[in-house]
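One structure below.
Not measured: the values here are computed from a predicted model. Within every chain, numbering begins at 1; the chains are lettered A, B, ... in the order of the sequence lines, protein sequences first and strands thereafter.
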Amino acid sequence: MALHVYDTRTREKRLFETARTGEVDMYVCGITPYSPSHLGHARCYIAFDLIHRWLEASGWTVNYVQNFTDIDDKIINKANEEGIDFLEVANRNIDDYYEVMDSLNVLRADHYPRVTEVIPEIISMTESLIEKENAYVAEDGVWFSVESAPEKYGVLTGQSIDAVRAGAGGRVEDSGKRDHKDFALWKNAKPGEPSWPSPWGDGRPGWHIECSAMSLKHFGEQFDIHGGGHDLRFPHHEAEIFQSECCTGKEPVVRYWMHNGFVNVDGEKMSKSLGNFWTVKDALKIYDPLVLRQALLNAHYRSPIDLSEQLLEDAKGHHAKIVHAYGHALVITEQAKKAGLRDAPRLPTADVTSTDFLANKLGLLEKLLQEAAVAMDDDFNSRQALSKVSNGARLIPKILESEDIDERDTAAFALYAIDWLEEFAGSVLGLLPEKDIAMAVYDPNLDPARQAIKDDVEQLLARRAIARAAKDWESADEIRDALSDMGVTVKDTPDGVVWTLD
RNA sequence: GCACAGAUAGCAAAGCCCGGUUACGCGAUGGACUGCAAAUCCAUUUCACAGGGGUUCGAAUCCCCUUCUGUGCUCCA
């Protein structure tokens with residue numbers, strides 16, 4: 001099955017075909033950096049990161065552009081509040097963006113253009129729209145006339161122009177626009193505002209025009225994917241369609257409009273006003289970034305996701321399983337190297353129908369990977385793909401511990417398992433940590449934090465062992481509680497006492 | 001009001017486009033292991049698809065109607 005992608009404009013999933021063979025031009029609306037990144041941003045950019053990764057894994061070369069709206073009312077307000085330059089506010093929050101997205105293992109886009117860097121392109125596009133009579137100059141700036149291209153109204157949201165025409169248009173009065181549906185291409189500066197010179201006076205761009213100008217600059221008149229949050233469909237993306245298509249005369253400007261679902265908390269949209277708002281950094285105080293990533297990949301990108309504690313706890317457990325399998329295979333590989341076992345795997349041919357233990361298991365793993373690929377090809381169904389990876393992650397340790405295969409086969413299989421995990425859980429889903437971290441998860445003795453308290457813990461455990469031998473359960477449990485206070489969990493397994501550090 | 005989504009077993013969430021097959025997971029229950037826990041493993045929980053009509057040999061899946069929920073229509077990922 002070849003990749004199929006859902007397009008918001010045509011409201012159908014269709015075979016993914018790009019304008020240029022082997023290349024994907026992908027533009028995703030970036031943030032307005034007036035405050036630190038929140039979980040909604042994390043969800044959006046993880047979703048498009050997954051899309052980015054899968055396209056590349058499928059053999060396309062992706063040209064990924066994501067903008068920063070570094071001049072805007074909210075940034076200006078923030079700068080005024082703090083008495084600093086607007087660029088300081090923008091830069092600070094852009095730094096925060098990079099920092100948290102890096103920690104969430106979001107690969108960088110190829111370009112991050114900023115509005116303040118494309119002012120000339122915006123001006124020339126605006127001039128062109130005025131010339132074509134799709135836009136007009138007013139006292140307070142330049143406006144796009146929606147009625148100049150009524151057939152483009154509502155193409156993403158299904159709203160009819162008549163319905164909106166009937167709505168109240170009260171705000172027309174306090175601005176230079178002729179019709180309440182019109183939107184600003186250029187806003188003349190009010191006193192004290194940052195501004196750039198233009199043929200219509202000093203001012204700054206309207207919100208929507210930047211994306212049209214940037215995509216035109218980087219990709220030309222038509223491109224493959226335009227992504228962003230569900231909320232951006234209207235008016236932002238519809239405005240872009242007006243601007244770009246009226247300016248170039250080419251339709252459609254975008255082959256596939258892709259919109260990610262929102263993050264909800266307890267069934268409601270996460271928002272500052274509802275008080276259920278999380279910045280990424282807040283969440284990272286509680287959860288490992290890769291766990292958060294896994295939680296957010298646990299829903300299809302177009303569905304809303306309810307970020308509950310249960311979801312996060314589930315993700316934590318599943319993620320641990322994957323990392324554990326990875327660490328296990330890595331440790332066995334290390335041991336095999338030390339034992340002088342040659343890295344010359346002679347694994348049997350994968351075959352689910354085989355009665356040979358290893359051939360059969362390899363067949364199962366191959367099948368899981370194929371199923372994961374099918375899921376991804378079906379409009380990036382990460383939830384489905386994740387369940388395949390989870391199944392594999394559960395299977396791998398069983399094979400590594402199996403007594404049906406000898407040491408040499410185990411070592412050979414460990415190398416295979418590492419590849420298996422890195423190919424999909426790592427490269428595509430972006431869920432694998434660094435190797436040494438994974439090994440420390442499997443073999444806690446490799447964890448430096450554990451080393452630091454090792455002696456103290458062992459001492460207490462020795463005392464507990466004595467108490468247990470004397471059936472002095474009270475003292476034994478006291479010691480266990482004391483260890484628990486140190487963050488140490490004691491497990492009495494059939495193979496002896498094992499302890500883990502939170 | 002208009003528009004767009006959605007409603008699936010105790011919870012959570014795929015499947016719906018391309019009607020006929022098991023989701024995956026959590027939880028629960030039983031068992032193994034335990035002094036007790038925790039953790040782990042095994043087994044069971046395998047005919048649920050908002051309601052009502054219709055099409056069909058057969059519908060969660062297609063069509064119509066109804067109800068409810070969320071979101072957008074102003075800045076928003």
Touch check for A/Glu12, heavy atoms < 4.0 angstrom, all strands: base, sugar-phosphate only, or nothing?
nothing
With A/Ser484 via side chain to side chain donor-acceptor pair (under 3.5 Å) - residues at least two apart
none
Salt bridge (Lys or Arg N to Asp or Glu O under 4.0 Å) partners for A/Asp95, two or more places apart
none
Listed partners of A/Arg14 passing side chain to side chain donor-acceptor pair (under 3.5 Å), at least two apart:
A/Asp7, A/Thr10
For residues 105-114 of chain A, which residues have at least one heavy atom under 4.0 Å from RNA chain B?
none
Please enumerate all residues that pass ring-ring contact (aromatic ring centres under 6.0 Å, His included) together with A/Tyr6, with sequence neighbours excluded.
none
Tell me which residues in residues 393-401 of chain A put a heavy atom below 4.0 Å from RNA chain B, sorted by number, or none.
A/Arg394, A/Lys398
For A/His259, give me all partners under side chain to side chain donor-acceptor pair (under 3.5 Å), at least two apart in sequence or on another chain.
none
According to salt bridge (Lys or Arg N to Asp or Glu O under 4.0 Å), who are the partners of A/Arg394, at least two apart in sequence or on a separate chain?
none
Can you build the contact string for nucleotides 4-12 of chain B? Use B for base contact, S for sugar-phosphate-only contact, and - for no protein heavy atom under 4.0 Å.
SS-----BS
Using a heavy-atom cut-off of 4.0 Å across all strands, would you classify A/Gly229 as base, sugar-phosphate, or nothing?
sugar-phosphate
If you draw the axis of the six-membered ring of A/Phe380, does the NZ or CZ of A/Arg53 fall within 45° of it and under 6.0 Å from the ring centre?
no
My understanding is that only residues two or more places apart in sequence, or in another chain, count here; which of them pass side chain to side chain donor-acceptor pair (under 3.5 Å) with A/Lys152?
A/Glu245, A/Glu251
Pair A/Phe183 + A/His208: ring centers closer than 6.0 Å:
yes
Using a heavy-atom cut-off of under 4.0 Å over every strand shown, decide if A/Arg464 touches base, sugar-phosphate, or nothing.
base
Mind checking A/Tyr45 for me? I need base, sugar-phosphate or nothing, with any heavy atom below 4.0 Å counting as a touch.
sugar-phosphate
So what's the dot-bracket for RNA chain B: Watson-Crick or G-U pairs under 3.5 Å, [ ] if a pair crosses, | if it pairs off-strand?
(((((((..((........[....))((((((.......))))))....(((((..]....))))))))))))....
For A/Asp96, side chain to side chain contact (heavy atoms under 4.5 Å, CB included) partners two or more places apart
A/Pro36, A/Ser37, A/Val100, A/Lys281
Report which part of the nucleic acid A/Lys491 touches: base, sugar-phosphate, or nothing (heavy-atom distance under 4.0 Å, all strands).
base
I'd like the C1' distance from B/G53 over to B/G70, given in whole Å.
27 Å
